[in-house]
Amino acid sequence: MFQRLFGRERNANRAITDALYAQIVAAARQTVFYSDWNVPDTPLGRFEMLSLHMYLVQHRLHGEQGVAAEVAQVLIDEFFLDVEHSLRELGISDVGVPKRMKKLAKMFYGRTAAYDDALGQDDRVALAAALARNVRPDAGSWPHAPLLADYVREASRKLAAQPTESIVAGTAAFPAAGTA
């Protein structure tokens, strides 16, 4: 009896996590990022956009208690499992995966600190600089960074306005890129 009850709860939570993660991935794959704003359509470019959108949800749920904190943790676990799976699909050996995962985790958490600082101060210029440094480190000057910064600020506002209950029920609404 207990297994049935806990099994159902785990499946319901899994469905919520899967729905949220699918929305994060869909937001990160918006065509405008790659076609109009010149985000590199490479594994690293896609990692940057997925990291950015994962950060936005984590930022929104930061400080929440109970189910919201659990959802945030399960989402970040899912994100890193997905990254690991992608590395393996790219042909990284079993020996090389942990080293790469450590590097990518360090990259992710470094970016979250930079984005937190800029969003916390509502500093569009600092946010654009952080995005340019992370998304297009090879570009020198990236004219689309302010557009991405505006998108991030709008996404953060939109997620902040969304009730926690809605997010933990499986809905994270992101704006359409390029509409601001």
Side-chain angles (χ1 to χ4, degrees), residues 17 20-30 32-33 37-40 43-84 86 100-139 141-168 170-180:
T17 303
L20 285 171
Y21 194 71
Q23 291 164 48
I24 292 167
V25 169
R29 290 185 177 167
Q30 292 181 68
V32 70
F33 296 138
W37 294 355
N38 295 319
V39 170
L44 192 53
R46 290 187 296 272
F47 170 79
E48 290 296 344
M49 295 312 293
L50 184 56
S51 293
L52 178 61
H53 287 82
M54 179 57 65
Y55 158 75
L56 286 164
V57 172
Q58 294 294 312
H59 179 74
R60 166 58 181 87
L61 294 176
H62 182 75
E64 296 281 349
Q65 302 296 317
V67 175
E70 291 172 25
V71 166
Q73 183 59 55
V74 171
L75 277 172
I76 204 72
D77 293 344
E78 183 67 24
F79 167 66
F80 282 113
L81 283 172
D82 189 32
V83 169
E84 180 181 347
S86 295
R100 301 271 175 107
M101 286 299 297
K102 186 175 181 179
K103 181 180 179 182
L104 291 170
K106 186 176 178 181
M107 288 169 60
F108 174 77
Y109 288 111
R111 281 148 176 73
T112 63
Y115 301 152
D116 264 345
D117 288 345
L119 278 177
Q121 297 173 23
D122 196 26
D123 189 339
R124 179 182 185 250
V125 173
L127 183 57
L131 290 164
R133 197 171 48 248
N134 296 323
V135 176
R136 293 298 310 258
D138 59 334
S141 174
W142 182 36
H144 299 97
L147 296 174
L148 185 55
D150 290 342
Y151 168 82
V152 169
R153 292 169 71 212
E154 178 59 26
S156 181
R157 282 191 290 270
K158 189 168 184 171
L159 286 166
Q162 193 172 353
T164 301
E165 296 77 21
S166 174
I167 296 171
V168 299
T171 302
F174 292 92
T179 58

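Here, residue 1 is the first one in the sequence, and each next residue gets the next number.
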>> To the nearest 0.5 Å, what is the distance between CG on L148 and CG on L131?
In response: 4.5 Å
> If you draw a 6.0 Å radius around CZ in R29, do more than 12 non-hydrogen atoms from other residues or ligands fall strictly inside?
Replying inline: no
> If every non-hydrogen atom of F33 is compared with every non-hydrogen atom of A177, which pair is closest and at what distance?
Replying inline: CE2-CB, 3.5 Å
> CD of Q121 to CZ of R124: how many Å apart, nearest 0.5 Å?
Replying inline: 16.0 Å
> So, do V152 and Y115 sit near enough that their side-chain heavy atoms are less than 4.5 Å apart?
Replying inline: no
> Rounded to the nearest 0.5 Å, how far does CG of L56 lie from NZ of K158?
Replying inline: 12.5 Å
> Minimum heavy-atom separation for L159 to V57, with atom names?
Replying inline: CD1-N, 4.2 Å
>> Please determine whether side-chain contact (heavy atoms from CB on, under 4.5 Å) holds for the pair Y21 and M54, giving the CA-CA distance in whole Å, both sets of side-chain angles, and the decisive distance to 0.1 Å.
In response: CA-CA 8 Å; Y21 194 71; M54 179 57 65; 3.6 Å; yes
> Can you name the closest pair of heavy atoms from P175 and Q30 and give their distance?
Replying inline: O-NE2, 3.4 Å
Under 3.5 Å, side-chain donor or acceptor atoms of residues 65-73 against the rest of the protein: list the pairs with distances, not counting sequence neighbours.
from, atom 1, to, atom 2, distance (Å)
Q65, NE2, G63, O, 3.4
Q73, NE2, D77, OD1, 2.8

> Of all heavy-atom pairs between L104 and F47, which one has the smallest distance, and what is that distance?
Replying inline: O-CZ, 3.7 Å
> Hey, what do you get for CG (L147) to CG (N38), rounding to the nearest 0.5 Å?
Replying inline: 10.5 Å
> Any side-chain heavy atom of V135 sitting closer than 4.5 Å to one from W37?
Replying inline: no
>> Go through it in stages, so that I can follow the logic: the residues are D138 and R136, the test is salt bridge (charged side-chain N to carboxylate O under 4.0 Å, His left out), and I'd like the CA-CA distance, side-chain angles, deciding distance and then a yes or no.
In response: CA-CA 5 Å; D138 59 334; R136 293 298 310 258; 3.5 Å; yes
> Please walk me through it: do Y151 and H53 pass ring-ring contact (aromatic ring centres under 6.0 Å, His included)?
Replying inline: CA-CA 11 Å; Y151 168 82; H53 287 82; 5.5 Å; yes
> For the residue pair A155 and F174, what are the closest heavy atoms and their distance?
Replying inline: CB-CD2, 4.3 Å
>> So L50 and F108, do their side chains get closer than 4.5 Å, heavy atoms only?
In response: no
>> On a heavy-atom basis, which atom in Q162 and which in A173 lie closest, and how many Å separate them?
In response: OE1-N, 3.1 Å
>> Going by side-chain hydrogen bond (donor to acceptor under 3.5 Å, both in side chains), name the pairs with one or both residues in residues 102-114, residues two or more places apart or in two chains.
In response: E48-R111
>> Checking P43 now: which residues fulfil side-chain contact (heavy atoms from CB on, under 4.5 Å) with it, not counting sequence neighbours?
In response: R46, L90
>> Contact between V83 and F79 at the side-chain level, heavy atoms closer than 4.5 Å - yes or no?
In response: yes
> Does the side chain of V39 reach to within under 4.5 Å of the side chain of H144, using non-hydrogen atoms?
Replying inline: no
> How many angstroms lie between atom OG1 of T171 and atom CG of L20, to the nearest 0.5 angstrom?
Replying inline: 7.0 Å
> So, do L119 and Y55 sit near enough that their side-chain heavy atoms are less than 4.5 Å apart?
Replying inline: yes
>> Working to the nearest 0.5 angstrom, can you tell me the gap between I24 CD1 and S51 OG?
In response: 11.0 Å
>> Under a 3.5 Å cutoff, is there a donor and acceptor pairing between the side chains of T164 and E64?
In response: yes
